[in-house]
Amino acid sequence: MTTIRPFRAVRPAADLASSIAALPYDVYSSAEARRITEQEPLSFLRIDRAETQFPEGTDMYSREVYDRARDTINDMLREGQFLTEETPCYYIYALTMDGRTQTGLVGCASVDDYMDGVILKHENTLEAKELDRFRHIDTCCAQTGPIFLAYRPDNAVRVVLQKVQEQDPLYDFVSEDEIRHSVWRIDDPEDIGNISRLFSLIPHLYIADGHHRAASAVKVGLKRRAEDACSKGTEEYNFFLSVLFPADELKICDYNRVVTDLNGYTFDKILDIIENTFEIKDNGSEPYRPAKKGEFGMYHAGRWFRLTARPEVCSDDPVKGLDVSILQDQILAPVLGIHDPKTDSRISFIGGIRGLKELEKKADHSGGIAFSMYPTSMDELMRVADSGMLMPPKSTWFEPKLRSGLFIHQF
């Protein structure tokens, strides 16, 4: 069973929500975060990227930076920019992008569910990134960035949420990237009880985005539990801030690749090598966005090609059958020499929202080669997670992204 529970949110005053809400901390470089906080002094990046409150060159992982993040939360509470809910509530957080809406339930998921495999992941985490968020959460005594979770659609849950959405929202604003953010509070005890009961019948939750935040929140929770001789398992540190979405409302975008060189080959030689595993069609100068699974766009020096994987390189294996795996196993590793895409500086990853022209630009700049991808599906993600397997790095890119700062979970 899945354990989800309401919480006493720390959240923005209604008239400040749009000013405070910010994209996740890891979307920005330090320079970009600093520029945004200069433009918007209330931006939540002052907390999530607290080095922006210090002179340039300050170590973003220093103790004083994490202390400043904690102090900023407390200062904003004292000044009324944040308020604390009087009773535990759930919330609905709906994001609308290009006419498509995804509606999530905001609540707290269980550390034990994460440890016991009720909450499933699909990618590994990096220790350095985990340590940063561990220190941030531990110092702030709060989770400031929600974990993006998915669940298989449940009509009974949908009915409860739709009823609440007939009320006036707490927040309703359009961010600078033209995404509409709408939030409703669920404070009726009967609705709260129904939601908790309905989720207890859902066998698994899936981490869509936020693997590092989730792992860090769990480690802080386990640390606090070990330090608390009277721990009963119900304390707030045993739960972490999450937004849960039905999988059928989510969209995974393409996550494209650019390699900076041809690994010593001519481009014609690369075409000769890969024609045994891919059908190749010259698309001229017209950018090619794959139309179905098993197709890839390939670009070099002004020319685009459509690659179609031959049946013999496709697989029913949950991981080997992914398009990102086919590209990695058939071209990136054996031809271009990219054996560890997590650490190889010769490869970069470009979210599809930035467009195919961005791939051309980056490939032309280095003289390298670019690949446009067909997006991984939610069914593929859940199949990998259900199998206890992991996807290759940079397999998924979700849009729209959740804003941080609309909800804080303190413990």
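What's counted below: heavy atoms across the whole structure, side chains too, no hydrogens, waters or symmetry copies. Numbers for residues simply follow the sequence, beginning at 1.
Each of Y91, F240, Y171 was scored for a ring-ring contact (aromatic ring centres under 6.0 Å, His included) with F407, with one residue passing: Y91. Exactly one residue among R70, K219, K223, R133 makes a salt bridge (Lys or Arg N to Asp or Glu O under 4.0 Å) with D138. That residue is K223.
Among residues at least two apart or in separate chains, there is no side-chain hydrogen bond (donor to acceptor under 3.5 Å, both in side chains) pair with a member in residues 12-27.
Looking only at distances, a side-chain donor or acceptor of H122 sits under 3.5 Å from a matching main-chain atom of I207. A donor-acceptor distance shorter than 3.5 angstrom exists from the side chain of D344 to the backbone of R346, with no hydrogens or angles considered. Looking only at distances, no side-chain donor or acceptor of T96 sits under 3.5 Å from a matching main-chain atom of G99. In terms of modelled atom types and a separation under 3.5 Å, the side chain of E32 and the main chain of Y28 share no donor-acceptor contact. No donor-acceptor pair under 3.5 Å is formed between the side chain of E358 and the backbone N or O of G355. Judged purely by atom type and a 3.5 angstrom limit, R11 has no side-chain atom pairing as donor or acceptor with the backbone of G405. Checked by atom type and distance alone, the side chain of S231 never pairs as donor or acceptor with a backbone atom of D228 at under 3.5 Å. A donor-acceptor contact shorter than 3.5 Å is absent between the side chain of W304 and the backbone of G297. No donor-acceptor pair under 3.5 Å is formed between the side chain of D254 and the backbone N or O of N256. The backbone N or O of R213 lies less than 3.5 Å from no partner atom in the side chain of S216, so there is not a single donor-acceptor pair.
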Please list, one pair per line, the donor and acceptor atoms closer than 3.5 Å that link side chains of residues 140-152 to other protein atoms, with sequence neighbours excluded.
{"from": "Q143", "atom 1": "OE1", "to": "L241", "atom 2": "N", "distance (Å)": "2.8"}
{"from": "Q143", "atom 1": "OE1", "to": "H409", "atom 2": "ND1", "distance (Å)": "2.6"}
{"from": "Q143", "atom 1": "NE2", "to": "F239", "atom 2": "O", "distance (Å)": "3.0"}
{"from": "T144", "atom 1": "OG1", "to": "D48", "atom 2": "OD1", "distance (Å)": "2.8"}
{"from": "R152", "atom 1": "NH1", "to": "Y206", "atom 2": "OH", "distance (Å)": "2.4"}
{"from": "R152", "atom 1": "NH2", "to": "D386", "atom 2": "OD2", "distance (Å)": "3.1"}

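Contact check on R100 versus D98 returns no salt bridge, with no Lys/Arg side-chain nitrogen under 4.0 Å from an Asp/Glu carboxylate oxygen. Of the charged side-chain nitrogens involved, none lies within less than 4.0 Å of a carboxylate oxygen, so that D154 and R158 do not count as a salt-bridged pair. For R383 and E380, the salt-bridge test fails: no basic side-chain N is under 4.0 Å from an acidic carboxylate O. For the pair R403 and E176, the salt-bridge criterion is met [side-chain N within less than 4.0 Å of a carboxylate O].
Between the side chains of E235 and N238, at least one donor N or O lies within less than 3.5 Å of an accepting N or O. Checking S182 against Y93 by side-chain atom types alone, no donor-acceptor pair falls below 3.5 Å. The closest side-chain donor-acceptor pair between T58 and E51, if any, does not fall under 3.5 angstrom. One side chain, D340 or T343, offers a donor N or O that lies under 3.5 Å from an acceptor on the other. Side chain to side chain, S110 and D112 fail the donor-acceptor criterion of an N or O pair below 3.5 Å. Judged by distance alone, the side chains of R180 and T101 never bring a donor and an acceptor atom under 3.5 Å apart.
Listed by chain and residue number, nothing satisfies the salt bridge (charged side-chain N to carboxylate O under 4.0 Å, His left out) test with E40 (two or more places apart in sequence, or in another chain).
Counting heavy atoms from C-beta outward, P393 and E123 have side chains that stay 4.5 Å or more apart. The side-chain heavy atoms of R310 and T277, taken from C-beta on, include no pair separated by under 4.5 Å. Two residues are said to be in side-chain contact when any heavy atoms from C-beta on lie closer than 4.5 Å; H204 and I119 fail this criterion. Side-chain atoms of V243 and L105, non-hydrogen and from C-beta on, never get closer than 4.5 Å to each other. The shortest distance between side-chain heavy atoms of Y114 and L205 does not fall below 4.5 Å. Side-chain contact between Q328 and S325 is absent, with no heavy-atom pair separated by less than 4.5 Å. Residues I408 and F82 are in side-chain contact: their nearest non-hydrogen atoms beyond the backbone lie under 4.5 Å apart. N124 has its side chain out of reach of H211: every pair of non-hydrogen atoms, C-beta onward, lies at least 4.5 Å apart.
Summarising the local packing, CD of E190 is surrounded by 12 or fewer heavy atoms from other residues, nucleotides or ligands at distances under 6.0 Å. Counting heavy atoms of neighbouring residues, nucleotides and ligands inside a 6.0 Å radius, atom CG of D168 does not exceed 12 of them.
When all heavy atoms of T103 and A94 are compared, the pair lying nearest together is OG1-CB, 4.0 Å. Among all heavy-atom pairs drawn from D323 and G294, the shortest one is OD2-N, 3.0 Å. Taking every heavy atom of both residues into account, L390 and V319 meet most closely at O-CG2, 3.4 Å. Nearest heavy-atom pair, P12 versus A17, reported as atom, atom and distance to 0.1 Å: CB-CA, 3.8 Å. The shortest heavy-atom contact between L161 and I195 is CD2-CD1, 4.2 Å.
Aromatic rings of F296 and F305 (six-membered ring for Trp) have centroids beyond the 6.0 Å cut-off, not under it.
In this structure, R68 satisfies the cation-pi test against F54, with its NZ or CZ atom closer than 6.0 Å to the six-membered ring centre and inside 45 degrees of the ring normal.
Going from atom CG of L402 over to atom CD of Q102 covers 7.0 Å, rounded to the nearest 0.5 Å. Summarising the geometry, atom CZ belonging to R306 is positioned 5.0 Å from atom OH belonging to Y288; distances are rounded to the nearest 0.5 Å. Taking CD of Q167 as the start and CD1 of I92 as the end, the distance is 8.0 Å to the nearest 0.5 Å. Note that the CZ atom of F411 and the OH atom of Y237 stand 10.5 Å from one another [nearest 0.5 Å]. Put simply, CG on N74 and CG on L77 are 6.5 Å apart, with the number rounded to the nearest 0.5 Å. Here the OG1-CZ distance, from T2 to F199, works out to 8.5 Å after rounding to the nearest 0.5 Å.
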